[in-house]
Amino acid sequence: HHSKSGMNEIPLLFADTWEAILDMVQNGPSGKKGVSSILLSAPGFDNDFTLFAGPIFAMLEQNVGAARAEPIIGVVCFHPKYKTPDGKSWP
């Protein structure tokens with residue numbers, strides 16, 4: 001799912017996220033139209049890793065928790081500036 005939201009459109013990002021989650025849940029986990037996961041692309045946030053990895057990710061997790069949807073929805077975020085920890089530095 002591609003979000004057209006930009007840096008000043010965080011509510012649109014969340015709307016896009018829930019639209020994709022709704023599609024996933026309605027299609028179910030099996031069969032040709034089944035969906036077991038979604039990839040939400042949000043290029044409007046590619047240049048601000050701190051915002052995306054901090055408050056945005058926390059709000060996504062809290063939204064799922066507030067909806068009591070943890071049994072069916074897990075949040076995993078990727079960002080172009082994310083680097084896999086090498087065990088030598090933090091974070």
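What's counted below: heavy atoms across the whole structure, side chains too, no hydrogens, waters or symmetry copies.
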Side chain to side chain, Leu13 and Glu9, heavy atoms closer than 4.5 Å
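Of all side-chain heavy-atom pairs linking Glu9 with Leu13, none is under 4.5 Å.
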Decide yes or no for Leu12 and Ile10: does some side-chain heavy atom of the first lie under 4.5 Å from some side-chain heavy atom of the second?
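SC-SC contact between Leu12 and Ile10 ruled out.
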Could you grab the distance from atom CD of Glu70 to atom CD of Glu61, nearest 0.5 Å is fine?
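One gets 9.5 Å once the value is rounded to the nearest 0.5 Å.
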Where at least one partner belongs to residues 51-73, residue pairs that pass ring pair (Phe, Tyr, Trp, His ring centres under 6.0 Å), sequence neighbours excluded:
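Passing the test, one end in residues 51-73: Phe52-His79.
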Test side-chain contact (heavy atoms from CB on, under 4.5 Å) applied to Ala69 - qualifying residues, sequence neighbours left out
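Only Val64, Ala67, Ile72, Ile73 meet the side-chain contact (heavy atoms from CB on, under 4.5 Å) criterion with Ala69.
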Ile21 and Trp18: CA distance, side-chain angles, deciding distance, side chain to side chain contact (heavy atoms under 4.5 Å, CB included) verdict:
CA-CA 5 Å; Ile21 290 170; Trp18 281 104; 3.9 Å; yes
Minimum heavy-atom separation for Ile56 and Phe14, please, with both atom names.
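Heavy atoms only, the tightest pair is O-CZ, 4.0 Å.
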Within a reach of under 6.0 Å around CD of Gln62, are more than 12 heavy atoms found that belong to other residues, nucleotides or ligands?
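No, the 6.0 Å shell around CD holds no more than 12 heavy atoms from other groups.
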